Chemist: 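My questions all concern the structure below.
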2 protein chains.
Amino acid sequence: MNVKISDIAKALNISKSTVSLALNDKDIVNAETRQLVKDTAKKMGYAPNALAKGLAKNKSNNIGLILPDITNPYYGNLAKYVSEYTEDYYNYNTIFAVSNDNPQTEKKIIENFISERVAGVIIAPITNKCKDHSYIKNLERYNICYSFVTAYYTDIKTAYSMSDLEEGSYQLVKYLLDLGHRNIYFLATSSDVVPTYTRIRGYEKAFGERNIPVDSSKFIECKIANFEQAYAATQQLIVSKTNMDAIITMNDIMALGVLRACTEHDINIPETLSVAGYDNVIYSSVATIPITTVHQDLQGISRGAVDMLFDMMKNGQDYEGAVLIQPELIIRRSTARR
Amino acid sequence: MNVKISDIAKALNISKSTVSLALNDKDIVNAETRQLVKDTAKKMGYAPNALAKGLAKNKSNNIGLILPDITNPYYGNLAKYVSEYTEDYYNYNTIFAVSNDNPQTEKKIIENFISERVAGVIIAPITNKCKDHSYIKNLERYNICYSFVTAYYTDIKTAYSMSDLEEGSYQLVKYLLDLGHRNIYFLATSSDVVPTYTRIRGYEKAFGERNIPVDSSKFIECKIANFEQAYAATQQLIVSKTNMDAIITMNDIMALGVLRACTEHDINIPETLSVAGYDNVIYSSVATIPITTVHQDLQGISRGAVDMLFDMMKNGQDYEGAVLIQPELIIRRSTARR
DNA sequence: TTGAAAGCGTTACCAA
DNA sequence: TTGGTAACGCTTTCAA
């Protein structure tokens, strides 16, 4: 069978404990012994059994990352940054799971992470409505720390790291107001969730600064923040001959949906209508018309979440840090003065 | 501490074995006992320890999936299909890892998967050159089966599931020849790797059918199959005033890079130059000019790889199945008769 | 600096 | 149908 610690011990005529100690680089073992052990381990093709190790220590060397949608490069990049940083800097591995924007799935994932005895969990929240996230607290019963990334659930108190969405939305709307637009539609999910209501606050702030009243009927709610729903919502607006100066969305993929609907109805962008997205993922720059958007520093966001998680793993879950990263308005061709 | 099987046994005054049997739905235990055990387990908040379970059974309930690039929605979709199918149909979990198109990283991932004692591994190969993949065979020493998805390494014999790339490329090139194009450039990685040379074979077949000689200097090699390198290669071609009818690429992201370079040099597409991608990921349809491409049935590909893997897990690694899924040419606006 | 042995939570075999 | 017990491969405590 596979070579294990006891095999190395037998081969070297020393005890299992010494081998274990040596393999883990403890300096209480003689330097020569240590080297010898490591060499023979390599020679014999020893591969540590993470399961046994985890069982003995009652926790694994993995942290779990929950993503709502892995087909969106926004989360793909997030996954990349989180796992690279976790591995390079903290020497832990990352295991991913995809919630598909479904609270039930998210719950199952958490149960599974508990079973796997992950050392910590980072959650990228689902972006649609769900009132009860208490299942997340199960993690605490197992002393598993968790932090949020990209947003957070208001009913769960823990560290979070995200872009300052309110500020980003504020800058974008201010810019559109500067261009002379007034009828600015906003396509997003339920205003109950953080990613939406923070953006709405930014929108309102920009309007408020100029004493322009906000018409909340311009906030259009989509069930899911994807291409199809943004496309459908835009068609609806066009067909009902709504008076619009601009449409902004909560992510770039939705902006693509808006573009598609406009193209099909021969609406010229940006001449007749300005369109803007959010996130600055690659295809906002390569779309039919390069899209004005708001850049998020995903790398910074990722590091914030990882750092705070490991901080909590060291000092306990009751930590209420927050990392809020400044966004950057990216102006492209999809927006213009009327 | 966390509730475990022995706690349930104690509470119910029965043995650990019975509890374990009941929890695993074995019908040798009395139906009532079984229900009782399950109920109390739930009541006590029991969460099975996957580590202990894996140790006892000497394998975990996870399969490992290696992706070369998680920021590409092509692989994001693949990950989604593989994990959903694995979970729903086989009741195993999927753990992802990202090789970043780097053989060293891939090797490390495999070592880690071995440590985690995954039940099986599915590898989506890196698309650039690497002569030695023998580290993959380490899996066999641990009786861990593996299959390939989307492509395969020629030096490793095992089951693979992929789209018929040769056929897809053949159809695309045939279509371009039909449009009257002759100077068809192909941007890809090294012709040593399967994803490239299968496509080249399709290209050659289309030319061969019409007795048109193939000029292999039209195959441009990029180190990595991404936006930047395709952009750079196209610029190179444009600047050197190459006589071109069409540029095709090995994936849609590269086609976007081509588009970008052409736009910057005021080259009209498709009037002056036809461009085509491959994969049919979402942004080929929403690009500046919607891109002609070849659709891959990712769901079918994913299922093939998963099915064969579980087949091997049952019947042994020496299995040489292959699933080759038929592609579909998707014609959009980026290609036209000159 | 090293060794012996207990313990982590589960499964699986054999007996009852 | 149930119970007792060894075993999985590692860490860790205590003693030497």
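Only this structure's heavy atoms are used, side chains among them; waters, hydrogens and symmetry mates stay out. Note that the coordinates shown come from a computational prediction; the quantities given were computed from them, not determined experimentally. Order of the sequence lines sets the chain letters (A, B, ...), proteins ahead of strands, with each chain counted from 1.
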Chemist: Side chains of B/S15 and B/T18: donor-acceptor distance under 3.5 Å anywhere?
Modeler: yes

Chemist: What is the minimum heavy-atom distance between A/V98 and A/I70, and which atoms define it?
Modeler: CG2-CB, 3.9 Å

Chemist: Using a cut-off of 4.0 Å between protein heavy atoms and nucleotide atoms, how would you tag nucleotides 2-8 of chain C 5' to 3' with B, S and -?
Modeler: BBBB-BB

Chemist: Between atom CG in A/D7 and atom P in D/dC8, what is the gap in whole Å?
Modeler: 11 Å

Chemist: With B/D25, which residues qualify under salt bridge (charged side-chain N to carboxylate O under 4.0 Å, His left out), at least two apart?
Modeler: B/K38

Chemist: Pair up each side-chain donor or acceptor in residues 299-307 of chain A with any protein partner under 3.5 Å, not counting sequence neighbours, and list the distances.
Modeler:
from	atom 1	to	atom 2	distance (Å)
A/S302	OG	A/L298	O	2.6
A/D307	OD1	A/Y85	OH	2.8
A/D307	OD1	A/Y90	OH	2.6
A/D307	OD2	A/Y85	OH	3.2

Chemist: Roughly, in whole Å, what's the span from NZ in B/K26 to C1' in C/dC13?
Modeler: 13 Å

Chemist: Rounded to the Å, how far apart are B/E32 CD and D/dT1 P?
Modeler: 11 Å

Chemist: Which word best sums up how the rings of A/F310 and A/Y92 line up, parallel for under 30°, tilted for 30 to 60°, or perpendicular for over 60°?
Modeler: perpendicular

Chemist: Within this structure, what is the CG-to-C1' distance between B/L51 and D/dT11, rounded to whole angstrom?
Modeler: 13 Å

Chemist: Rounding to a whole Å, what distance do you find between B/K53:NZ and D/dG9:P?
Modeler: 18 Å

Chemist: In whole angstrom, give the distance that lies between atom CG of B/L23 and atom P of D/dT2.
Modeler: 14 Å

Chemist: Enumerate donor-acceptor pairs with a distance under 3.5 Å from any side-chain N or O in residues 26-37 of chain A to protein atoms, sequence neighbours excluded.
Modeler:
from	atom 1	to	atom 2	distance (Å)
A/N30	OD1	A/E32	N	2.7
A/N30	OD1	A/T33	N	3.4
A/Q35	NE2	A/D39	OD1	3.2

Chemist: In whole angstroms, how far is the P atom of D/dG9 from the NZ atom of B/K59?
Modeler: 16 Å

Chemist: If you take all heavy atoms of B/T71 and A/P73, which pair is closest and at what distance?
Modeler: O-CB, 3.5 Å

Chemist: Return the value, rounded to whole Å, for the distance between atom CZ of A/R117 and atom P of C/dG9.
Modeler: 8 Å

Chemist: Could you work out, with ring pair (Phe, Tyr, Trp, His ring centres under 6.0 Å) as the rule, every residue matching A/Y81, not counting sequence neighbours?
Modeler: none

Chemist: Should B/Y142 be listed as having a side-chain N or O under 4.0 Å from OP1 or OP2 of D/dG9?
Modeler: no

Chemist: Rounded to 10°, tell me the angle between the two end axes of the helix from C/dT1-D/dA16 to C/dA16-D/dT1, each built from five pairs.
Modeler: 30°

Chemist: Taking the basic N atoms (NZ, or NE/NH1/NH2) and the acidic carboxylate oxygens, is any pair closer than 4.0 Å for A/E87 and B/K108?
Modeler: yes

